[in-house]
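Here the structure is laid out as structure tokens; the discussion comes afterwards.
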Amino acid sequence: INHIVHNGGLYKRPFNEAFEETPMLVAVLTYVGYGVLTLFGYLRDFMRQWKIEKCQNATEREEQKDFVPLYQDFENFYNRNLYMRIRDSWNRPICSVPGAKVDMMERVSHDYNWTFTYTGRVIKDIINMGSYNYLGFAQNSGPCQEAAAKVLSQYGAGVCSTRQEMGNLDKHEELEKLVARFLGVESAMAYGMGFATNSMNIPALVGKGCLILSDELNHASLVLGARLSGATIRIFKHNNMQSLEKLLKDAIVHGQPRTRRPWKKILILVEGIYSMEGSIVRLPEVIALKKKYKSYLYLDEAHSIGALGPSGRGVVDYFGLNPEDVDVMMGTFTKSFGAAGGYIGGKKELIDYLRTYSHSAVYATSMSPPVVEQIITSMKCIMSEDGTTVGKARVQQLAENTRYFRRRLKEMGFIIYGNEDSPVVPLMLYMPAKIGAFGREMLKRNIGVVVVGFPATPIIESRARFCLSAAHTKEMLDTALKEINEVGDLLQLKYSRHRLVPLLDRPFDETTYEETED
Amino acid sequence: MDIKSMKNYLYWLYCQFELITCSYLMEPWEKLLFYTFNITMLVMVLYAAYIFVPVHVSTAFQFFLHLVGNQRENTVSILK
């Protein structure tokens, strides 16, 4: 509640973000669990090596054993010995469109998840809490589908050519003008793949002699783009503005490492919503810092476009800021618009430069016209330009669902990470056996969830991640909450001691410690 | 009635033990190995406790009594 005053009045609304600390006992028991699994992993590997047990993962042929090894055995240790045991919670085959409810093929495994067979039964109407379907546009009927079908019969499936050669259709120009109008920027450009938008355009914007300041928990596409560019990369703590300011000060004062020359460009890479933590970037502070130290900002709104803000225009709209303050606004069409692809928006000179110099524009195939039409129709729906109020209703429904769901889960006593307004809700599980148990128990009760473990999260902080949607009605959420409550009691997941750690808004130094309120 | 809820509670406790030590994920022969090892260790510890703890406790008790008794004699002699 004191956050607004401390930050000089930059925030127009309270910023409530919390990451409750892991209880000590739970951390110790999680390590015990991993220790037991490691011991059994060594035992099984020993048995596999001495042929006591049949080895079912990939190995080379006998004749190739003298060559350089193809498969690094120890690297896949985690994969063979933990992931295989709980593999049935991932890559489940679905047989309907992944909207608010989904149908799934039932499968069983007779050799402990090394192979699966289908029983032939289809589990119907599973409440889908794992798809990135924030505004509910993942439908196979409705105005978007009809428009896309018409465009498919008119334009065909695609041109198989790059934007610069023959792949530039009038649909693409229409889309780019619409995206620019939606975001409130001068110009925009759309690409066929969201990952490629980041990894191919950051090298076009920065090069050697530039500095990239990137958040700790940035997505792999941003990290790949930063590494490909050849610039110097420095990492600041997740959403921590004091850490970012310290890095900026050091960069300006000391310049490049050996020659002490000033940096050609300083680019700050942040995301709108971080999908593993559910946290929202502190955009007003980042923009204030950027202006003070004269650097550039690259904002990746993959999850926040369409999902935040009173009119669904993303995190800039949520904080009520000017879109022209963000130099490069990037986003994807995969999550809220029910399509595929990514875009970059910004000033006209920037986008004209990217049209010529970006790798995606020169070498990648252009977007397929029906997909473009899906984006155009859904964007017009969100902007309320198609004559109905469906878009506005969806944006409001998502905000209500988010607040309700998060409040109820916190009241039940689970540890939930992230900001109160983010539609991505991570629920902490911690122990490795509970990852598999949670996925299976929820499927038994007809709810599909995504559980995440080690490589994507730190080793003890495994979680279940719920993605809320405007297509979820209150009854569906109530059913889901009831089942989550039951499973939480069954598996003892209610770790929260209701001790919220307020975020560090005081000056950051080594003597700062966390406060708790009892 | 009470016995049924007691049995349910004990089963639930067993499930928690399985989840925490990850024996929920193990194949049956691995579980057998794990439980055999654990139960053997537990039985050995309890047996050692049964044999050695009374002897140690009584030795310690005698030692402290001797110490305290000695002190009382010393203070009494000074006062005299």
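Chain identifiers are assigned alphabetically (A, B, ...) following the order of the sequence lines, protein sequences preceding nucleic acid strands; residue numbering begins at 1 within each chain. Values reported hereafter were calculated over all heavy atoms of this structure, with side chains retained and with hydrogens, waters and symmetry mates removed. Predicted model, so just to flag it, every value in this text is computed and none were measured.
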Applying side chain to side chain donor-acceptor pair (under 3.5 Å) as the test, list every pair that has at least one member in residues 24-43 of chain A; sequence neighbours left out.
none
What part of A:Leu491 lies closer than 4.5 angstrom to a heavy atom of chain B: side chain, backbone, both or neither?
both
In chain order, what residues pass the salt bridge (Lys or Arg N to Asp or Glu O under 4.0 Å) check against A:Glu483, with sequence neighbours excluded?
A:Arg445
Side chain from CB out, backbone as N, CA, C, O: work out which of these in A:Asn81 comes under 4.5 Å of a heavy atom of chain B, or both, or neither.
neither
Please check if the number of heavy atoms outside A:Lys54 that lie under 6.0 Å from its NZ is greater than 12.
no
Counting C-beta onward and ignoring hydrogens, is there a side-chain heavy-atom pair between A:Phe40 and B:Leu25 closer than 4.5 Å?
no
Evaluate side chain to side chain contact (heavy atoms under 4.5 Å, CB included) for A:Leu43 paired with B:Leu33, printing each intermediate quantity in order.
CA-CA 11 Å; A:Leu43 176 70; B:Leu33 200 63; 3.6 Å; yes
How long is the span from the CD1 atom in B:Ile20 to the CG atom in A:Leu25, to the nearest 0.5 Å?
7.5 Å
Looking only at A:Leu37, A:Ile86, A:Val26, most heavy-atom pairs under 4.5 Å shared with chain B are made by A:Leu37
Which answer fits B:Gln16, side chain, backbone, both or neither, if we ask what part of it has an atom under 4.5 Å from a heavy atom of chain A?
side chain
Sort A:Met47 into side chain, backbone, both or neither according to what part of it lies under 4.5 angstrom from a heavy atom of chain B.
side chain
More than 12 heavy atoms of other residues, nucleotides or ligands under 6.0 Å from CG of A:Asp111: yes or no?
yes
Quick check: do A:Arg440 and B:Tyr24 have side-chain heavy atoms less than 4.5 Å from each other?
yes
Tell me if the CD atom of A:Gln49 is crowded by more than 12 foreign heavy atoms within 6.0 Å.
no
Surrounding CH2 of B:Trp29 (heavy atoms of other residues, nucleotides or ligands, distance under 6.0 Å), is the total greater than 12?
yes
With a 4.0 Å cut-off, would you call A:Arg44 and B:Glu30 a salt bridge?
yes
Using every non-hydrogen atom in the two residues, find where B:Cys22 and A:Pro432 come nearest and quote the distance to one decimal.
SG-CG, 3.5 Å
Side-chain heavy-atom pair A:Gln492, B:Trp12 within 4.5 angstrom cut-off:
yes
Tell me if the NZ atom of A:Lys124 is crowded by more than 12 foreign heavy atoms within 6.0 Å.
no
When you compare the side chain of A:Met431 with that of B:Leu19, does any pair of heavy atoms fall below 4.5 Å?
no
